[in-house]
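Below is one structure, written out as structure tokens; the observations come after it.
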Amino acid sequence: MLAEELARIGSGGVAAGLGAHISIATPPIWKFGSEEQKQRYLVPAIRAEKIGALGITEPGAGSDVASITTRAEPVEGGWVLNGEKTYITNGVRAHFIVTAVKTTREGGHHGISFLIVERGEGVSSSALQKLGWHASDTATISFQDVFVPEENLLGGLNEGFKLIMANFQWERLAMALGAVGAMTIAWERTAAFARERRAFGRALSEHQAIRHKLADLATSVYTCRCVTYDALRRFMAGEEPLREVTMAKLLTQRASFELMDACLQIHGGAGYMREYWVERAARDARLGPIGGGSDEIMREILGRALAL
Ligand SMILES: Cc1cc2nc3c(=O)[nH]c(=O)nc-3n(C[C@H](O)[C@H](O)[C@H](O)COP(=O)(O)OP(=O)(O)OC[C@H]3O[C@@H](n4cnc5c(N)ncnc54)[C@H](O)[C@@H]3O)c2cc1C
């Protein structure tokens with residue numbers, strides 16, 4: 001409900017900033033953290049006293065998460081961290097970054113761990129400019145000889161890949177729910193516009209081409225909702241619905257972008273103007289098929305799940 005309602009406010013960036021804190025940075029602490037880590041990070045995060053970010057992506061490793069190079073060297077009492085993360089949501093504002101690091105020389109699936117890194121000496125961020133999601137903070141974060149105490153290891157040593165995979169399921173579901181919310185409000189607003197705006201002596205919605213387009217879009221919203229809710233029900237029932245979550249992410253993110261583009265078209269020139277909500281919605285929706293695992297990666301996962 002929260003994911004859908006956040007999307008309905010009409011700012012992808014606000015939903016992204018809050019979503020990164022709620023849906024991807026803090027759930028690993030809730031799921032894999034020690035009691036002490038929960039008290040130190042989760043409790044203030046829930047109270048909105050501390051902002052969290054999840055740092056996985058690097059300049060040289062996005063889709064191929066196993067090839068990250070940020071290195072944590074073991075030292076007395078903890079680790080020393082060096083490396084760079086990029087495209088990190090809340091990357092400038094976050095008080096702590098749940099960070100994927102290499103804890104073996106080889107790295108890869110069996111050599112990645114997670115450290116909770118507090119902002120402090122050696123941690124610096126720089127903001128990035130984006131096509132959409134302007135209200136969210138996206139940044140590159142660099143770590144230079146950052147000491148991280150051993151009690152900040154999240155989950156088991158070298159078991160980080162498991163954490164990444166577990167986190168992705170909820171992230172992708174939350175993205176699908178967000179798309180359903182954004183599509184619903186966009187359809188409602190565009191239908192209202194089409195009923196009101198007149199051309200050639202009639203309302204736009206009285207022109208068959210526009211009416212049929214809106215009918216197709218309503219079908220797309222309904223299909224996305226059904227597929228997402230089915231994946232959500234399975235997830236909440238404790239199944240491991242990898243296939244259904246992947247399909248929901250793949251379907252909804254592309255459908256949302258296509259719907260926003262169609263809504264913009266129905267608005268005509270007004271749709272291209274900053275003063276209309278749809279200009280922002282179209283830009284915001286473009287991230288969906290890239291973030292949280294791209295369309296191509298979703299198809300690769302499905303290819304494996306379908307034994308292809
Ligand atoms: C606004 C924004 C916010 C983000 N927030 C976060 C965040 O909070 N934390 C975080 O860790 N990351 C975050 N990301 C990173 C995001 O998850 C990655 O951008 C995404 O996973 C893709 O990685 P990449 O950009 O390195 O693209 P690449 O992996 O370089 O891919 C480039 C293209 O190649 C395709 N491709 C890659 N591999 C294959 C393959 N095997 N077969 C076919 N095609 C392939 C991809 O689909 C894509 O089209 C964010 C990104 C953006 C843009």
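When a ligand or atom number is given, it counts from 1 through the structure's own listing order. One-based numbering along the sequence shown. Below, each value reflects all heavy atoms present in this structure, side chains not excepted, and no hydrogens, waters or symmetry copies.
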| request: Write out the residue and atom name of the closest protein heavy atom to atom 42 (N) of ligand 1, then the distance separating them to 0.1 Å. | output: Glu300 CG, 4.4 Å

| task | Considering only NZ, NE, NH1 and NH2 on the basic side and carboxylate oxygens on the acidic side, decide whether Arg8 and Glu4 come within less than 4.0 Å. | result | no

| note | Under 4.0 Å from one or more heavy atoms of Gly62, ligand 1 contributes atoms 23 (O), 24 (P), 26 (O), 29 (O)

| request: With heavy atoms only and a cut-off of under 4.0 Å, state how Asn90 meets ligand 1: side chain, backbone, both or neither. | output: neither

| Nearest neighbour in protein (non-hydrogen) for atom 43 (C) of ligand 1 | Glu296 CB, 3.7 Å

| task | May I ask you to identify the nearest protein heavy atom to atom 39 (C) of ligand 1, giving residue, atom name and distance to one decimal place in Å? | result | Ile297 CD1, 3.9 Å

| field | For atom 9 (N) of ligand 1, closest protein heavy-atom neighbour | value | Leu54 O, 2.9 Å

| message | Working note: Thr86 + Thr140, criterion side-chain hydrogen bond (donor to acceptor under 3.5 Å, both in side chains); need CA distance, chi angles, decisive distance, verdict. | response | CA-CA 4 Å; Thr86 196; Thr140 290; 2.9 Å; yes

| task | Name the closest protein heavy atom to atom 20 (C) of ligand 1, giving the residue it belongs to and the distance to 0.1 Å. | result | Ile290 O, 3.6 Å

| task | Measure Leu287 to ligand 1 on non-hydrogen atoms and call it side chain, backbone, both or neither using the 4.0 Å cut-off. | result | side chain

| Looking only at non-hydrogen atoms, which of Thr57, Ile164, Thr89, Thr99 approaches atom 10 (C) of ligand 1 most closely? | Thr57

| task | Look at atom CD of Glu240 and say whether more than 12 heavy atoms of other residues, nucleotides or ligands are closer to it than 6.0 Å. | result | no

| Top protein contact for atom 27 (O) of ligand 1, by heavy-atom distance | Ser63 OG, 4.1 Å

| field | For atom 25 (O) of ligand 1, the protein heavy atom that lies nearest, with its residue and separation | value | Tyr87 CE1, 3.7 Å

| query | Atoms of ligand 1 less than 4.0 Å from Ile88 heavy atoms? | reply | 7 (C), 8 (O), 9 (N), 10 (C), 11 (O)

| Do Glu73 and Lys102 meet the salt-bridge criterion of a basic N to acidic O distance under 4.0 Å? | no

| request: Evaluate the side-chain hydrogen bond (donor to acceptor under 3.5 Å, both in side chains) criterion for residues Thr70 and Glu58: first the C-alpha distance (whole Å), next the side-chain angles of each, then the deciding distance (0.1 Å), finally the verdict. | output: CA-CA 8 Å; Thr70 295; Glu58 298 183 356; 2.7 Å; yes

| task | Classify the contact between Ile56 and ligand 1 as side chain, backbone, both or neither, using a heavy-atom distance cut-off of under 4.0 Å. | result | both

| query | Between Ser136 and Thr89, is a side-chain hydrogen bond (donor to acceptor under 3.5 Å, both in side chains) present by the stated rule, with each step listed? | reply | CA-CA 7 Å; Ser136 85; Thr89 305; 5.4 Å; no

| message | List ligand 1 atoms under 4.0 Å from Ser294, heavy atoms only on the residue side. | response | 46 (C), 47 (O)

| query | Going by the ring pair (Phe, Tyr, Trp, His ring centres under 6.0 Å) test, which pairs reach into residues 38-75, not counting sequence neighbours? | reply | Tyr41-Phe96

| message | Tell me whether Gly292 reaches ligand 1 (any heavy atom closer than 4.0 angstrom to a ligand atom). | response | yes

| Judged by modelled atom types alone, do Tyr229 and Arg225 share a side-chain donor-acceptor pair under 3.5 Å? | yes

| Any non-hydrogen protein atom below 4.0 Å of atom 33 (C) of ligand 1? | no

